[in-house]
Amino acid sequence: MIRVEGLTKIYGHGPAAVTALNNVSLEIKTGEFVAVMGPSGSGKSTFLNVLGCLERATAGRYYLNEREVSALDEDELAGLRNQQFGFVFQTFNLLPRHNILRNVELPLIYAGTPGKERRERATALLARVGLGHRLKHKPPALSGGEQQRVAIARALINNPAVILADEPTGNLDSKTSYEIMGLFLELHAEGRTIVMVTHEPDIARYAERVLHFLDGAVVREEVSSA
Amino acid sequence: MKAADLIRLTGENLLAHRLRAILTTLGIAIGIAAVIAVVAIGQGGEAVLLSEIEKLGSSRSFNISVDWMRGEAPTVDTFKLEDVAIIKELSPAVDKLAPVTSGMMIAIRRPQSQAKPVLSQLIGTTPDLTAVMNLPLASGRFFSQADVAAHSRVVVLDGALAEMLFPKGDALGKKVFIQDVPATVIGVTEKQTSQLLGAMSMNRYAFAPITFVQELLNTRVIHELDGVAVTDEAVPQAIADCIKILEKRHPGTSVHYTGMSMKEGLALIEKATGVMTLIIGAVAAIALLVGGVGVMNIMLVAVTERTREIGLLMAVGARRRDILQQFLAEAVALCLVGGFFGVLLGAGGAWAIAHFAKWPPLISVWTVLLAFGFASFVGLVFGLYPASRAASFSPAEALRYH
Ligand SMILES: Nc1ncnc2c1ncn2[C@@H]1O[C@H](COP(=O)(O)OP(=O)(O)OP(=O)(O)O)[C@@H](O)[C@H]1O
Ligand SMILES: [Mg+2]
């Protein structure tokens with residue numbers, strides 16, 4: 001599904017240059033649930049952003065389904081983000097001015113899906129994450145855990161093959177975190193590929209494989225004991 | 001993205017900052033109001049001018065008087081009744097020519113009436129005046145050349161004057177006293193001959209044979225000659241001929257004969273409205289510029305505030321042009337809101353001006369469309385920079401922004 005070779009990302013130039021990713025080569029199979037760990041600044045988010053086509057690597061190759069991603073233009077990358085990936089962020093990143101139904105619909109709006117189908121799918125997904133009764137509420141009225149459920153519903157709306165989550169439980173208490181991980185396990189069971197950055201070992205345990213980053217490189221890989 | 005979705009998202013975004021939106025659009029509203037006023041005054045003025053031409057009479061008409069600008073006044077020797085006949089005979093360019101002796105504030109009343117006399121403007125002239133001024137008669141007839149020759153004590157009342165003297169509308173054939181001299185009403189004109197004259201003076205007009213008026217006012221002075229040239233092109237020639245003949249017949253005169261065509265007179269009015277249009281146009285331009293900069297400023301603030309949101313939109317599949325389009329739409333929508341208030345303000349203002357200047361209030365669908373067109377244009381121009389800035393963000397960096 002995902003294969004990177006010599007992936008390198010350098011921010012800035014000259015003496016101020018920061019190497020965020022240093023020659024990363026690895027493969028993630030379809031349906032795999034991978035956790036990414038490592039100290040702050042080790043390049044975890046950068047890695048996830050490059051995988052999600054939110055930014056381009058400075059060097060190296062990235063194949064998504066055997067397709068060379070670095071060769072694609074901006075609009076094609078936007079199309080990939082829209083169709084192939086679902087993002088979940090630590091800070092949820094919901095639009096505060098629009099109700100949660102509209103928030104979940106958003107990717108479909110850019111995909112050009114008709115309004116009726118959009119509403120049906122968004123309503124169904126919100127019901128699935130347990131928020132079917134709050135469609136017209138705006139995000140600020142929801143708790144952190146509820147907001148993250150909305151974000152997961154949004155990530156799923158385009159039925160993406162890959163879920164990319166950057167510290168999805170970073171802002172949640174442990175009980176809520178486990179509930180969210182329950183949802184992730186469901187997605188995993190559906191056969192979706194999941195790459196999740198986390199600082200918490202007991203969250204990383206939900207994954208099948210853990211990649212340990214240090215200074216932009218994968219220094220250790222372990223198969224989860226769970 | 002579909003247009004309906006764009007509109008809905010834009011509406012939701014603007015509604016979240018209602019007060020900000022309304023304050024921002026104030027400048028645009030003033031600018032658009034000024035645009036409406038410019039168009040309304042321009043069109044209203046033009047309509048008045050056009051109706052003046054129709055109501056005041058022929059576009060071929062002209063007027064010969066002394067040079068008022070130099071403080072001159074006509075004397076008994078300035079114009080003679082014979083001059084008129086001679087000019088008409090000698091100049092092929094002159095079609096009609098009417099001498100005018102007029103008196104201001106002339107008291108006209110009904111016999112045996114307790115009602116107060118009505119002060120009016122008495123115009124002594126010849127039937128040729130009907131070719132110069134448009135004087136449609138509601139009833140009766142205008143006096144004839146024979147009436148002039150016979151010093152007939154007859155009078156044609158302006159519609160407004162007739163209504164004041166004879167509210168029942170039975171003026172025709174009745175006697176009136178013009179400064180205690182009895183005269184018979186032989187005609188009544190249709191009400192209000194000229195909007196412009198009506199607005200400028202409260203005068204009510206009475207027309208009578210010049211011979212009778214000169215007796216009545218005990219004067220031989222003719223104040224001016226009003227004429228009509230044979231064609232539009234012949235007007236300058238007609239004026240020149242009149243002046244040449246008058247100068248020849250009155251070699252010792254100290255006054256300067258001056259002619260003005262109806263067109264020149266209207267051009268003067270046109271110039272005045274033109275200046276007004278220019279001033280308000282400048283106000284419109286400045287207000288739109290200031291308003292546009294205000295919109296740009298608030299859009300730049302919005303783009304900065306919503307940097308992470310832009311990153312998110314890109315993460316879920318928005319292309320650069322979607323982002324550009326969305327922020328442009330918000331800028332245009334802001335300006336359209338301003339345009340809406342501006343149209344209300346401008347329409348109110350134009351109506352007020354029309355009301356007091358007695359102009360037709362000219363706010364057409366086209367004016368409103370033009371106003372909204374202007375508003376959209378301002379939104380596009382001043383929204384472009386903030387929107388393209390929003391579209392230039394890298395998704396990862398926008399998402400990292402705090
Ligand atoms: N836009 C940027 N410009 C310059 N340096 C950057 C930029 N983005 C990230 N970096 C640097 O790249 C390195 C890796 O950052 P990254 O966000 O991937 O770390 P991380 O492992 O996700 O850290 P954390 O656990 O704190 O989220 C850091 O040193 C960071 O300062
Ligand atoms: Mg990070």
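Convention: sequence-line order gives letters A, B, ...; per-chain numbering from 1.
Looking at A:Arg102, only its side chain comes within 4.5 Å of chain B, counting heavy atoms on both sides. Both the backbone and the side chain of A:Thr46 come within contact range of chain B, each with at least one heavy atom under 4.5 Å from a heavy atom of that chain. Using a 4.5 Å cut-off between heavy atoms, B:Asp5 touches chain A through its side chain atoms alone. Neither the backbone nor the side chain of A:Phe85 comes within contact range of chain B; no heavy atoms are under 4.5 Å apart. In this structure, chain A has a heavy atom under 4.5 Å from the side chain of B:Leu399, while its backbone stays farther away. Only the side chain of A:Tyr11 comes within contact range of chain B, judged by heavy atoms closer than 4.5 Å.
A salt bridge links B:Arg320 with A:Glu74: at least one charged nitrogen is closer than 4.0 Å to a carboxylate oxygen. Salt bridge absent: B:Glu12 and A:Lys138 never bring a charged side-chain N and a carboxylate O closer than 4.0 Å.
Put simply, the side chain of A:Phe89 reaches to within 4.5 Å of the side chain of B:Leu312, judged on heavy atoms. In this structure, B:Val316 and A:Ile157 have side chains that are not in contact, with every pair of non-hydrogen atoms separated by 4.5 Å or more. Counting only heavy atoms from C-beta outward, the side chains of B:Glu309 and A:Asn93 never approach each other to under 4.5 Å. The side-chain heavy atoms of A:Tyr110 and B:Asp322, taken from C-beta on, include a pair separated by under 4.5 Å. Side-chain contact between B:Arg319 and A:Arg81: absent, with no pair of heavy atoms (C-beta onward) separated by less than 4.5 Å. Proximity of B:Met314 to A:Leu54: side-chain heavy atoms (C-beta onward) are nowhere separated by under 4.5 Å. Counting only heavy atoms from C-beta outward, the side chains of A:Leu95 and B:Leu313 approach each other to under 4.5 Å.
In A:Arg67, the CZ atom is not crowded: 12 or fewer heavy atoms of neighbouring residues, nucleotides or ligands sit closer than 6.0 Å. Atom NE2 of A:His133 sits in a crowded spot, with more than 12 heavy atoms from other residues, nucleotides or ligands closer than 6.0 Å. Few gaps surround OH on A:Tyr63; more than 12 heavy atoms of other groups in view lie less than 6.0 Å from it. Residue A:Asn23 qualifies as enclosed at atom CG: its count of foreign heavy atoms under 6.0 Å is above 12. Counting non-hydrogen atoms of other residues, nucleotides and ligands closer than 6.0 Å to OH of A:Tyr62 gives a total above 12.
For B:Phe327, there are no ring-ring contact (aromatic ring centres under 6.0 Å, His included) partners at least two apart in sequence or on another chain.
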Audit row: B:Arg321, A:Asp75, salt bridge (Lys or Arg N to Asp or Glu O under 4.0 Å) steps and yes/no: CA-CA 9 Å; B:Arg321 70 172 153 266; A:Asp75 282 1; 3.3 Å; yes

Working for side chain to side chain donor-acceptor pair (under 3.5 Å), residues B:Ser394 and A:Arg56: CA-CA 10 Å; B:Ser394 129; A:Arg56 289 177 190 272; over 6 Å; no

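Put simply, CD on A:Glu55 and CD on B:Glu397 are 7.0 Å apart, with the number rounded to the nearest 0.5 Å.
Taking chain A as the reference chain and counting heavy-atom pairs below 4.5 Å, the highest number among B:Pro395, B:Ala315, B:Ala16 is found for B:Ala315. Counting heavy-atom pairs closer than 4.5 Å to chain A, the top-ranked of the candidates B:Leu6, B:Leu15, B:Asn13, B:Leu9 is B:Asn13.
Of all non-hydrogen atoms in A:Gly112 and B:Lys2, the two that sit nearest each other are O-NZ, 3.0 Å. Residues B:Ala318 and A:Ala78 share a closest heavy-atom pair of O-CB, 3.9 Å.
No hydrogens or angles considered: nothing links the side chains of A:Ser45 and B:Arg400 as a donor-acceptor pair under 3.5 Å.
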